[in-house]
Structures are given as C-alpha cells and as structure tokens.
Number of protein chains: 2
Amino acid sequence: MERRRQARGERRMAQILDAAAEVFAGSGYENATTNAIAAAAGVSPGSLYQFFPNKEAIAQALAARFVSQMGEAHQGAFADADWAAMTLDEMLDRVVDPIVAFNAANPGFKALFARADMPAGLTEAARPIQAALLGRVETMIAALAPGLPPDGRTRAAVVGIQIFKAMLPLVLAAEGPERAAMTAELKRVLRGYLGSLGSPG
Amino acid sequence: MERRRQARGERRMAQILDAAAEVFAGSGYENATTNAIAAAAGVSPGSLYQFFPNKEAIAQALAARFVSQMGEAHQGAFADADWAAMTLDEMLDRVVDPIVAFNAANPGFKALFARADMPAGLTEAARPIQAALLGRVETMIAALAPGLPPDGRTRAAVVGIQIFKAMLPLVLAAEGPERAAMTAELKRVLRGYLGSLGSPG
DNA sequence: GACGAATACGAGCGATCGCTCGTATTGTCT
DNA sequence: AGACAATACGAGCGATCGCTCGTATTCGTC
C-alpha cells in the first residue's frame with residue numbers, strides 16, 4: 001500500500017503538516033476543514049489527498065511528529081535525572097519549564113493532545129507519548145514517595161498529568177509576567193500534591 | 001417577541017431540555033444534532049423550533065436550568081459556612097462532596113460547562129454561575145490565607161476551580177471504590193494547593 | 001360552535017465539508 | 001527520447017445538519 005515518494009512529495013507532506021498544525025491551533029481539530037489546511041499549505045485539496053487518505057490521517061501524522069519532538073523535550077527533562085538526589089522544587093523546575101516552553105512553541109500540540117474528548121483515531125495516536133510520560137512520572141514519584149504502592153503511584157501520575165494539562169491553557173493564555181506567575185502557581189499545585197503523597201489520607 | 005405559552009408548551013419545553021441534556025451528555029454539544037434531540041424528546045424537528053430559535057438557544061436554556069440547580073447545590077455547600085472556624089479538611093468535605101454528587105447526577109452538565117473550548121453563546125450562559133462560584137471560592141480562600149493580596153486570591157480561586165474541572169472527568173469515570181479513591185485524590189490536590197497559599201513561593 | 005392562537009408534523013432547502021475524479025504536468029528510469 | 005509513476009489541480013459529488021415552511025390539529029375564550 002505504501003507509495004514511492006519523491007523528494008518533492010516529502011516536502012509537500014511537511015508543508016501540509018505545518019499548515020495543519022497552524023489551522024488546528026487556530027480552530028481546533030473538529031472545526032478545521034481540510035480545504036482550509038490545503039489552502040494554508042498552498043496546495044489544492046486534490047493534492048492534499050494524494051498524501052493523506054483522510055483528515056484523521058493528517059492529525060495522526062502531525063501527532064506522530066509532535067510525539068517525536070515531545071520525546072526529545074522529555075529527554076532533556078527526564079533523562080539522566082538522579083531524582084533521589086534532588087529536592088522536590090528542583091524536580092519541578094527541571095520538568096515543568098521545558099514542557100511549558102514546548103507547548104508555548106507548538107500551539108497546535110494541545111489542540112490534538114490536551115482535549116477532554118478526542119476523536120477515535122487521535123486517542124490511538126496520543127497513546128505512545130502518554131504511556132511514555134506516565135512511566136517517567138511514575139519513576140519520579142517512586143523516588144519521591146518510596147512507600148507508595150504501585151497502584152497509588154499510577155494514580156498519582158495520572159492525576160499529576162491531568163493537573164498539568166488543565167493548567168496549561170491558563171499558563172499559555174497569560175503573557176509575560178502573568179505567565180511566570182501562572183507557571184509558579186502550576187508548580188505550587190504540583191508541589192503541594194506531590195509533597196503530600198508520602199503521608200496517608 | 002415573547003409568545004404566550006400554554007401548559008402543554010411548557011411541558012414540551014421541559015421534555016426537550018431533558019432530551020437535550022441526555023443527548024449532550026452522550027455526544028457532546030458539537031456532535032449532538034437537533035434532530036436527535038427532537039427524536040429523543042418524542043417531537044418533530046418543526047415542533048422543537050417552535051420553542052427554541054436555534055441549537056444554541058437550547059443549550060442556553062439548558063444551561064440556565066443547570067445554573068439554578070447548581071445554585072441550590074452551592075447554597076448547601078457554601079452558604080452559612082463559618083470558614084474561620086473550620087479546618088481545611090472540613091472545608092473540602094463540605095464543598096467537594098456535594099458538587100461531585102451534582103455532577104454525577106447531571107451528566108449533561110459538564111458537556112456544557114467543563115469544556116476547554118466553548119461555543120460563543122455558551123460562554124455567556126456559563127458566566128453567571130462561574131462568577132458566583134469564583135466569588136464563593138475567593139471568600140473561602142480569604143479565610144484560609146488572610147495575608148494573600150486580592151489578585152493572588154483571584155488567581156488562587158481560578159486555579160482551584162480549574163483543578164476541580166480537570167479532575168471531574170477522572171472522578172466521574174471511576175466507579176464505586178475507585179471513585180472514592182479519586183475523590184480523596186481530588187481533595188488531596190486541593191488541600192496541598194490551598195494549604196500552601198499562606199507561605200510564599 | 002366559532003374563531004384565533006398555540007401546538008404539531010415532517011419533507012426537504014441551503015449551506016457546509018470531507019473527499020473524488022478526470023485531466024494536465026513534472027520527475028525518474030532505461 | 002520514450003514510458004510510466006508521482007505530483008498537481010479544482011470543480012463538484014454525496015452526505016450531513018441546522019433549520020424552514022406549508023399544512024393539519026388542539027386549546028383557550030367568547
């Protein structure tokens with residue numbers, strides 16, 4: 001089923017994904033029209049459909065691209081971290097800032113990932129990165145609250161990620177010093193929650 | 001512009017709003033079709049449009065109904081509360097449980113209110129309840145952290161409400177003991193955050 | 001019972017949108 | 001150069017959906 005692509009085709013696909021990110025960021029996935037994506041890419045609808053079988057495939061391909069980029073950002077945030085030797089505040093600085101920066105730089109990202117109700121194919125596309133993120137947060141939490149049982153650890157990671165996703169729009173909507181204040185508030189929420197995991201109740 | 005309604009008409013409107021709540025809960029606002037709402041209400045599309053000028057008006061009327069019901073729920077949770085005499089845990093029990101119960105009993109509610117991206121008219125409809133909620137949470141926070149300046153208080157209330165909205169799907173998706181655990185986790189998040197408001201940073 | 005208003009119906013209009021198809025052009029390989 | 005695949009175009013198809021309109025029935029009022 002795979003088709004042999006020329007260099008021109010690869011370039012077109014990248015153009016289309018750029019345009020899709022832009023349009024998704026502006027209108028959200030549902031309201032974005034494929035004709036608008038094609039127009040934003042400077043391409044006819046027919047050409048668009050020579051590279052992607054349908055709208056969902058565009059979102060999936062864009063999601064895949066985001067996944068790999070986000071993977072690199074996470075690499076910087078999570079990899080080679082000796083959690084046991086860090087304070088909670090240090091952990092938060094290390095993790096929160098780069099992820100906020102990534103989301104600020106890629107406004108299309110949250111239109112595909114940080115949604116309460118995701119179209120069928122998108123959940124699938126988002127799964128790898130969410131699973132990876134969950135695992136990384138779990139190991140961080142394990143260092144933070146060694147006494148916590150595994151299911152509690154998973155639940156804590158899910159909650160922490162959910163909090164992050166919820167606060168992101170608030171952080172990104174703010175500008176300049178307001179954004180700094182909101183980022184601080186996000187860290188305060190996470191610090192308060194994660195710091196309490198050691199004690200019961 | 002107001003039309004004289006018969007008792008039959010009032011009943012129909014209530015039926016239609018019931019059906020709309022059901023359909024919105026099942027499909028979300030965007031994916032819900034007016035024909036589906038009419039069918040669920042046992043009414044023809046034409047009849048539906050004798051009572052509501054358009055789809056948005058249905059959502060607004062339903063929102064208004066939710067607002068008044070939610071107002072009563074908040075009355076029980078917030079009114080006549082002597083926050084100064086209560087511990088943080090007592091405050092949380094008093095506020096969180098009834099609101100979670102309300103949302104569990106009205107699944108259509110969060111389809112209209114707890115959305116990141118709301119259609120134009122819905123933001124308007126949701127404003128009164130959100131303003132009321134914000135004010136109530138602010139007074140609670142004022143009792144909790146007297147030293148906090150007003151803008152910090154508002155920000156804290158916004159953040160607290162956002163956390164609540166984010167955790168709601170997690171809580172409602174869980175069943176039985178899982179839900180209790182998730183509710184406890186929600187309280188833990190809020191306790192950690194609100195409890196830290198007194199100290200800087 | 002008569003008359004107007006309110007209620008009820010449902011086929012279908014108009015607009016939107018994802019996507020197709022016939023055709024023309026450009027690139028690649030021998 | 002010739003041949004075939006890949007790329008490109010854009011008018012428009014088919015389906016969906018919010019909503020309308022002509023008409024029929026029921027209710028309130030005298």
Side-chain angles (χ1 to χ4, degrees), chain A residues 1-20 22-24 26-63 111-112 117-122 125, chain B residues 1-20 22-24 26-63 111-112 117-122 125:
Chain A
M1 281 298 175
E2 275 299 295
R3 189 167 178 174
R4 185 153 187 305
R5 299 272 173 225
Q6 302 181 350
R8 184 171 41 145
E10 304 279 0
R11 260 181 281 130
R12 277 279 188 251
M13 292 181 73
Q15 278 178 36
I16 292 170
L17 290 187
D18 290 343
E22 187 183 323
V23 175
F24 285 153
S27 321
Y29 175 77
E30 319 268 3
N31 287 59
T33 72
T34 55
N35 283 13
I37 294 173
V43 155
S44 77
S47 291
L48 187 151
Y49 280 93
Q50 297 220 346
F51 299 104
F52 301 98
N54 51 47
K55 182 179 176 180
E56 193 177 295
I58 301 173
Q60 282 179 354
L62 181 59
L112 293 186
D117 55 332
M118 304 224 312
L122 286 192
Chain B
M1 283 298 173
E2 275 301 294
R3 189 170 180 171
R4 183 146 170 11
R5 299 271 172 228
Q6 302 181 351
R8 187 174 35 149
E10 304 280 0
R11 259 180 283 131
R12 276 281 188 251
M13 291 180 74
Q15 277 178 36
I16 291 169
L17 290 187
D18 290 343
E22 186 183 324
V23 175
F24 286 153
S27 322
Y29 175 76
E30 320 267 3
N31 287 59
T33 73
T34 55
N35 283 13
I37 294 173
V43 155
S44 77
S47 291
L48 187 153
Y49 280 92
Q50 296 219 344
F51 299 104
F52 301 97
N54 51 48
K55 181 180 176 180
E56 193 176 296
I58 300 173
Q60 281 178 355
L62 180 59
L112 293 185
D117 55 331
M118 304 224 312
L122 286 192

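Each chain gets a letter, A, B and so on, in the order the sequences are listed, and its residues count up from 1. None of these values were measured; they are calculated from a predicted model.
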* Quick one: which of A/Leu62, A/Thr34, A/Ile58 gives a side chain to side chain contact (heavy atoms under 4.5 Å, CB included) with A/Phe52? -> A/Ile58
* Of residues 44-52 of chain A, the positions that come close to DNA chain D - non-hydrogen atoms, cut-off under 4.0 Å -> A/Ser44, A/Pro45, A/Gly46, A/Ser47, A/Gln50, A/Phe51
* Whole-Å gap separating C1' (D/dG28) and CZ (B/Arg5) -> 16 Å
* **B/Ala32 to B/Ser27 - nearest heavy-atom pair and separation** => N-CB, 4.1 Å
* To do: Under 4.0 Å between any heavy atoms, over every strand shown, what does B/Asn54 touch: base, sugar-phosphate, or nothing? Just pick one.
  => sugar-phosphate
* To do: Grab the CG-P distance between A/Asn31 and D/dC17 for me, whole Å please.
  => 14 Å
* Asked: A/Leu17 versus A/Phe51: any side-chain heavy-atom pair under 4.5 Å?
  -> no
* **Set of ring-ring contact (aromatic ring centres under 6.0 Å, His included) partners for A/Tyr29, sequence neighbours left out** => A/Phe24
* Asked: Please give, in whole Å, the distance from C/dT26 P to A/Arg11 CZ?
  -> 15 Å
* For B/Thr33 and for B/Arg4, find the nucleotide of DNA chain D with the closest heavy atom, then tell me which residue's nucleotide is more 5'. => B/Thr33
* To the nearest Å, how far apart are A/Asn35 CG and C/dT20 P? -> 13 Å
* Considering only C/dT7, D/dT7, C/dC9, which nucleotide approaches the side chain of B/Val43 most closely? -> C/dC9
* For atom CD1 of B/Ile16 and atom C1' of D/dC19, their distance in whole Å -> 14 Å
* Structure fact -> When every non-hydrogen atom of A/Ser47 is compared with those of A/Val43, the smallest separation belongs to CB-CG1, 3.3 Å
* Structure fact -> On DNA chain C, more 5' by nearest nucleotide between A/Ala32 and A/Gln6 is A/Ala32
* Asked: When the distance from CZ of B/Arg8 to P of D/dT25 is rounded to whole Å, what number comes out?
  -> 14 Å
* Asked: If you check every side-chain atom of B/Arg12, which of C/dG18, C/dA6, C/dA8 has the closest atom?
  -> C/dA8
* To do: Round to the nearest Å and state the distance from A/Lys55 atom NZ to C/dT16 atom P.
  => 15 Å
* Over all heavy atoms of both residues, which pair between B/Ala41 and B/Ile16 is shortest? Give the atoms and the distance, please. => CB-CA, 3.9 Å
* Considering only side-chain heavy atoms of B/Thr34, which listed nucleotide, C/dA8, D/dC19, D/dA6, is closest? -> D/dC19
* Step-by-step side chain to side chain contact (heavy atoms under 4.5 Å, CB included) determination, A/Met13 to A/Arg5 -> CA-CA 10 Å; A/Met13 292 181 73; A/Arg5 299 272 173 225; 3.8 Å; yes
* Starting from P on C/dC17, measure out to CD1 on A/Ile58 and report it in whole angstrom. => 15 Å
